[in-house]
Asks: 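Structure below; questions to follow.
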Amino acid sequence: MVRDSSQPPFANSHILLLIPDGAKQRTTMQASYDAHLCEQTAQQRWEREGLLHAREQSDGDKYYCLCMLPYPSGRLHMGHVRNYTIGDVLTRFQRMHGRNVLQPMGWDAFGLPAENAAIKNGVAPARWTYDNIAYMRRQLRSLGFAIDWSREVATCRPEYYRWNQWLFLRMLDRGLVYRKTGSVNWDPVDQTVLANEQVIDGRGWRTGATVERRELPMYYMKITAYADELLTALDGLAGWPERVKTMQANWIGRSEGVEIGFPHDGGVLKVFTTRADTLLGATYVAVAAEHPLALQAAARDARVAAFVDACRRGGVSEAELATQEKEGVPAGVFVRHPLTDEKLPVWVANYVLMAYGEGAVMAVPAHDQRDFEFARKHGLPLRVVVRPAAGETPQAETLTEAFTGDGVLINSGRYDGLGSAQAMAAIAAELHTRKLGGKRTVYRLRDWGVSRQRYWGCPIPIIHCDACGDVPVPDEDLPVVLPEDLVPDGSGNPLAKCEAFIHCTCPRCGKPARRETDTLDTFVDSSWYYLRYACRDNDTAMVDGRVHYWLPVDQYIGGIEHAILHLLYSRFWTRVMRDLGLVKFAEPFTNLLTQGMVLNHIFFRKTAAGGITYYSPDEVVLRHDERGQFAGATLKADARPVEYGGMGTMSKSKNNGVDPQALVDKYGADTVRLFMLFAAPPEQTLEWSESGVEGAQRFLKRLWKAVADHVNAGPVTLLEPAALDALQRALRRRIHETITKVSDDIGRRYTFNTAVAAVMELLNALTRSDDATPQGRAVKQEAYTAITLLLCPMVPHICETLWRELGHAESAMMARWPRADAAARVRERIELVVQVNGKLRGRVAVAADADRESVANAALAEPNVRRFIEGRAVRKVVVVPGKLVNVVV
RNA sequence: GCCCGGGUGGCGGAACAGGUAGACGCAACGGACUUAAAAUCCGUUAGAUUGAAAAAUCUGUGCCGGUUCAAAUCCGGCCCCGGGCACCA
């Protein structure tokens, strides 16, 4: 069934099709396009002929095209359609280039929405999830994606997640998993942990209660052990978008600086700074509310205790911490300056993050803007120790903002006169001699907390024994299976109340023990699923030899929202597996295409309790003022106002997804696919609008009718390029220019919108021509053959039928991509634009190979150009070959 | 608040390495076909000015400034929108 890639499909590959091969019985082609008939017939054929199954084979290059697996939220939305259509186009395009392609699909099936659905409707998350998968799988099939369904995985199945557990234990063996406390959002009313998404303005979304931060013991994966490698390896990812690499580099956030110890009665307070040159300007030290020094101070001082307590209110997200008002109190503790021995006060401040560096900073108000504002607010002193290399020296009394640039040191004793860089090195050296610090590199990246106090996730394979402590579940007892019949009610993890799950015996001492009831972060599931597609039927190993054939992924496609977390975790996980000898590569995704989000309006209401409810855009009516401007919206159900939340990503949680099914039912899959591709280039954000779907449908109908008219006019004769007249040559040139353009747009640029536009232009040119001569019809035969092949990756169903009508027995899916004939594209004369002083003043036609001088002379002779240069001296003539002439006067 | 993108006609977008701004499509308007409508086909469509017309000129790519023979594209500053910020996925 698989084509031998060494055989070209046509004897003369420059001329696309000479004579139909007669495989089709000559009957009249139907005049009108029936999308649903086409789609059903084509899908059945692909299935019947086994064209969707990928097999490991040695001949020909493999091409593994992967789309990020969907969360089974219930129905596909337009973001999915966009993602999977792009993937399908690239897969089919590569298949037509003779590659052995794999395009799998699966389900990111654990997660919060299943629990929310359970709370709302009382249905078990497992049941809800499996029903959703069944429905969405049907939707994906109806869109005609060339997916090898025999490799489907669902991350909520024990045969999948047992390998999460297995690898977790291997990481535990190697010290890459450890336990420590971490902060979570706590809803005091529901007595439950909330996700950051469920905290809105510091309140729980269901109860409206003010959220508190709580400390819980959790498992962490040591991604920081790979921080440096994950950062430096970005340079090698030539197939990744620059912006994604920049985001990851900033996220890892490597900083080279100096660690400084401030001695005090109870020991040494460590801080980290990238500006050790400003050390002599430090006038106080600030610590995070969770810092041991702050907690000690709180035990002695009621005011500090109250402040530390206040810091616990609100959520844990960085965005929330970073936008809150900067506040602090004196800890009532003092430290000594490591160089001057000066006594400096310690403050407890909410802007210091415990998770970064040492959870403490030296404050230099004259040279750090945040310290400056804090010092002004609390009347703390300010000392200028760096002046700009040129310009005025800032005066402490008159400063209106911190001077944060590098410069020359002043008021710094023996360091006076040194530049910032020299001073940093010298100060680091002195600290090192005094054993109070030295150079240090820190990362913004934190270890990956993987514990979730939730039911619908992969159980963490640990048993807690009073005698033996935390004991790993033995490999032979894996998987630890999650009971699928529990129904969360919003008050904590039902697993923690499930006696049948919790009770077990300690594998070490045999005494009764308790299972861990936390489950793993769902990012664990999605950190390696792309490996499992290669070998999902192996029940004795996580990966096998087939992984070495298919991986790494040649093309990965998914939303830009995953630019950091998912992609970084996957890169980390792959390295762990490499170091365990399970895979031979470090980077799982060779090429990455990050698709822009599909946005839609967000509407919501706050409930009486302070919670929030989202409404679908088709549940509301928009109101406009007399000038046609948007002026609010009301709910259809009760005609009362709803709040507008702006544009946002289509998602289950915001209730603003648009189900493509109605469009597929009405217009067919090809129209929906074509519309999504034509709407915008893939990387661009797309605000949802349905207008344009009709246009996509109209184009397919026009194409169908054009091919039908051509086919029904009877057999064609052999194309003889030498026998063509000028018009026929011009049309044929357009065919081959279009082949070049579309090949480049799909294969290199990924701009499917311009590829479609180019084919539309060619069809427009074709339908304007009424040349019925034998050679005229031969050119058209070549044109329709080319168009069918060029569109095949994008709208495969209609092309399957057109291909058959054009006389081919083999499926269009297995046909070879057309090659442009360079000879057909040659032009004799070209048109150039002529500018005078950069403004367009005329056009001239010249021979394609004309030299600069004759081009310039032709330009200067153009009548309108002469009008503008008359009576003025021509100072310069810029000739851009093939493009334009600019006359400067 | 921090990091990363984006902003072009009524709308989606095109202009790929600094060289014709508005390809292609939607919507709108006018016409053909039709008893009529739908569908289809043909035409017009950035704004302004001049002209009977052909055509020509001016302005114009979020805002302000700069570099260049030439800027949507490069540089500096600002505004707005979107994505991410570690428990949404």
Side-chain angles (χ1 to χ4, degrees), chain A residues 68-71 73 108 111-113 116 182 184-185 193-199 241-244 246-247 249-251 253 315-324 326 351 355 370 444-449 451-454 521-523 526 559-566 568-569 594 596-597 599 646-649 651-654 675 678-681 683-687 689 691-696 698-699 701-702 705 744-745 748-749 751 753-754 756-761 764 767 831-835 837-840 843 864 867 875-878 880 883-888:
Chain A
M68 289 182 186
L69 83 178
Y71 179 81
S73 58
D108 189 16
L112 206 52
N116 292 335
V184 295
N185 303 304
V193 176
L194 296 179
N196 283 338
E197 175 186 64
Q198 298 172 315
V199 179
E242 279 309 317
R243 64 164 155 159
V244 174
T246 306
M247 281 190 258
N250 291 340
W251 183 262
V316 299
S317 75
E318 191 193 303
E320 202 178 320
L321 296 174
T323 49
Q324 68 192 356
K326 288 164 192 55
Y351 69 83
R370 200 171 46 182
R444 207 187 73 96
L445 182 68
R446 308 201 295 260
D447 277 338
W448 177 12
S451 293
R452 298 291 179 270
Q453 296 70 39
R454 303 196 193 289
D521 180 6
T522 56
F523 274 126
S526 56
I560 185 65
E561 78 273 26
H562 293 295
I564 297 172
L565 293 180
H566 162 61
L568 195 62
Y569 291 146
T594 45
M597 303 284 84
L599 309 183
M647 280 282 183
T649 309
S651 75
K652 181 87 183 169
S653 61
K654 296 287 193 309
F675 168 64
F678 189 56
E683 305 228 70
Q684 195 162 307
T685 301
L686 184 61
E687 293 184 6
S689 159
S691 67
V693 181
E694 299 262 4
R698 205 140 49 209
F699 170 70
K701 284 180 172 170
R702 277 195 340 113
K705 186 170 180 302
D744 189 50
D745 284 352
R748 179 182 65 91
R749 297 212 302 153
T751 53
N753 55 330
T754 53
V756 172
V759 177
M760 284 175 168
E761 284 185 78
N764 289 344
T767 50
E831 191 177 67
L832 297 185
V833 160
V834 187
Q835 299 177 337
N837 289 340
K839 292 195 173 183
L840 176 63
R843 291 157 204 278
N864 200 44
R867 213 155 64 80
R875 292 195 297 151
K876 193 173 174 184
V877 179
V878 181
V880 183
K883 293 259 175 178
L884 61 62
V885 180
N886 189 14
V887 182
V888 185

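The sequence lines fix the lettering, A, B, ..., with proteins before strands; numbering per chain opens at 1. Computed from a predicted model, the values in this text were never measured in an experiment.
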Asks: Looking only at N and O atoms, is any donor in the side chain of Asn250(A) or the base of C3(B) less than 3.5 Å from an acceptor on the other one?
Replies: no
Asks: Across all strands, who's sitting opposite A46(B) as a Watson-Crick or G-U wobble pair, both distances under 3.5 Å?
Replies: U59(B)
Asks: Using a 4.0 Å heavy-atom cut-off, does Ser689(A) contact any base of the nucleic acid, only the sugar-phosphate backbone, or nothing at all?
Replies: nothing
Asks: Rounding to the closest angstrom, what is the interatomic distance between C3(B) and C78(B) at atom P?
Replies: 12 Å
Asks: Any base atoms under 4.0 Å from Trp251(A), or only sugar-phosphate, or nothing? Heavy atoms, all strands.
Replies: base
Asks: Return the nucleotide paired to C33(B): Watson-Crick means purine N1 to pyrimidine N3 with N6-O4 or O6-N4, wobble means G-U with N1-O2 and O6-N3, both under 3.5 Å.
Replies: none
Asks: What distance, rounded to whole Å, do you find between the two C1' atoms, one in G66(B) and one in A71(B)?
Replies: 11 Å
Asks: Determine whether any donor atom in the side chain of Arg454(A) lies under 3.5 Å from an acceptor atom in the base of C87(B), or the reverse, and answer yes or no.
Replies: yes
Asks: Give one of base, sugar-phosphate or nothing for Lys839(A), where a contact means two heavy atoms less than 4.0 Å apart.
Replies: sugar-phosphate
Asks: For the residue pair Phe523(A) and His566(A), does the interplanar ring angle fall in the parallel (under 30°), tilted (30 to 60°) or perpendicular (over 60°) class?
Replies: parallel
Asks: May I have the distance from Asn864(A) (atom CG) to C58(B) (atom C1'), rounded to whole angstrom?
Replies: 14 Å
Asks: What is the nucleic acid contact for Glu761(A), judged by heavy atoms within less than 4.0 Å: base, sugar-phosphate only, or nothing?
Replies: sugar-phosphate
Asks: With heavy atoms under 4.0 Å as the rule, sort Phe523(A) into base, sugar-phosphate or nothing.
Replies: base
Asks: With a 4.0 Å cut-off on heavy atoms, is Leu112(A) in touch with a base, just the backbone sugar-phosphate, or nothing at all?
Replies: sugar-phosphate
Asks: Look at all strands and tell whether Arg243(A) reaches a base, only sugar-phosphate, or nothing, counting heavy atoms closer than 4.0 Å.
Replies: sugar-phosphate
Asks: Partner lookup for C26(B), please. Criteria are Watson-Crick or G-U wobble with both distances under 3.5 angstrom; report none if nothing qualifies.
Replies: G10(B)
Asks: With a 3.5 Å limit on both atom pairs, tell me what A71(B) is paired to, counting Watson-Crick and G-U wobble, or say none.
Replies: none
Asks: With a 3.5 Å cut-off and no angle check, do the side chains of Thr754(A) and Asp745(A) form a donor-acceptor pair?
Replies: yes
Asks: Is there a Watson-Crick or G-U wobble partner for C2(B) with both distances under 3.5 Å, and which nucleotide is it?
Replies: G84(B)
Asks: For Ser653(A), which contact category applies under a 4.0 Å heavy-atom criterion: base, sugar-phosphate, or nothing?
Replies: nothing
Asks: When you check the glycosidic angle of G9(B), does it come out syn, meaning within 90° of 0, or anti?
Replies: syn
Asks: When we call it a touch if two heavy atoms are under 4.0 Å apart, what does Gly596(A) touch: a base, just sugar-phosphate, or nothing?
Replies: nothing
Asks: Rounded to whole Å, please give me the gap between CG in Leu565(A) and P in C88(B).
Replies: 9 Å
Asks: Measure the distance from NE2 on His562(A) to P on G84(B) and round it to the nearest whole Å.
Replies: 9 Å
Asks: What contact category does Phe678(A) fall into here, base, sugar-phosphate, or nothing, at under 4.0 angstrom with non-hydrogen atoms?
Replies: base
Asks: Let's test your reading of the model: under 3.5 Å, does the base of U40(B) pair with the side chain of Arg702(A) as donor and acceptor?
Replies: no
Asks: Looking at every strand, decide which applies to Glu694(A) at a 4.0 Å heavy-atom threshold: base, sugar-phosphate, or nothing.
Replies: nothing
Asks: On a plain distance test, is the side chain of Gln453(A) in donor-acceptor contact with the base of C87(B) below 3.5 Å?
Replies: yes
Asks: Do Ser691(A) and Ser689(A) pass the side-chain hydrogen bond (donor to acceptor under 3.5 Å, both in side chains) test, and can you show the C-alpha distance, the side-chain angles, and the key distance before you say yes or no?
Replies: CA-CA 6 Å; Ser691(A) 67; Ser689(A) 159; 3.1 Å; yes
Asks: Please classify the nucleic acid contact of Ala563(A) as base, sugar-phosphate, or nothing, using heavy-atom distances under 4.0 Å.
Replies: nothing
Asks: Which of the following nucleotides, A86(B), G13(B), G83(B), is nearest to the side chain of Met597(A)?
Replies: G83(B)
Asks: Paired with A15(B): which nucleotide, if any, by Watson-Crick or G-U wobble criteria at under 3.5 Å for both distances?
Replies: none
Asks: With nearest nucleotides of RNA chain B determined for Arg698(A) and Glu687(A) from heavy-atom distances, which residue corresponds to the more 5′ nucleotide?
Replies: Arg698(A)
Asks: Go through the steps for Asn764(A) and Arg702(A) under the test side-chain hydrogen bond (donor to acceptor under 3.5 Å, both in side chains), then give the verdict.
Replies: CA-CA 9 Å; Asn764(A) 289 344; Arg702(A) 277 195 340 113; 2.4 Å; yes
Asks: Categorize Val833(A) for me: base, sugar-phosphate, or nothing, with a 4.0 angstrom heavy-atom threshold over every strand shown.
Replies: base
Asks: Over all strands shown, is Ser526(A) touching base, sugar-phosphate only, or nothing at heavy-atom distances under 4.0 angstrom?
Replies: nothing
Asks: Decide whether Ser653(A) and Glu197(A) meet the rule of one side-chain donor and one side-chain acceptor closer than 3.5 Å.
Replies: yes
Asks: Let me know, please, whether Thr767(A) or Val244(A) comes out on the 5' side of the other along RNA chain B by nearest nucleotide.
Replies: Val244(A)
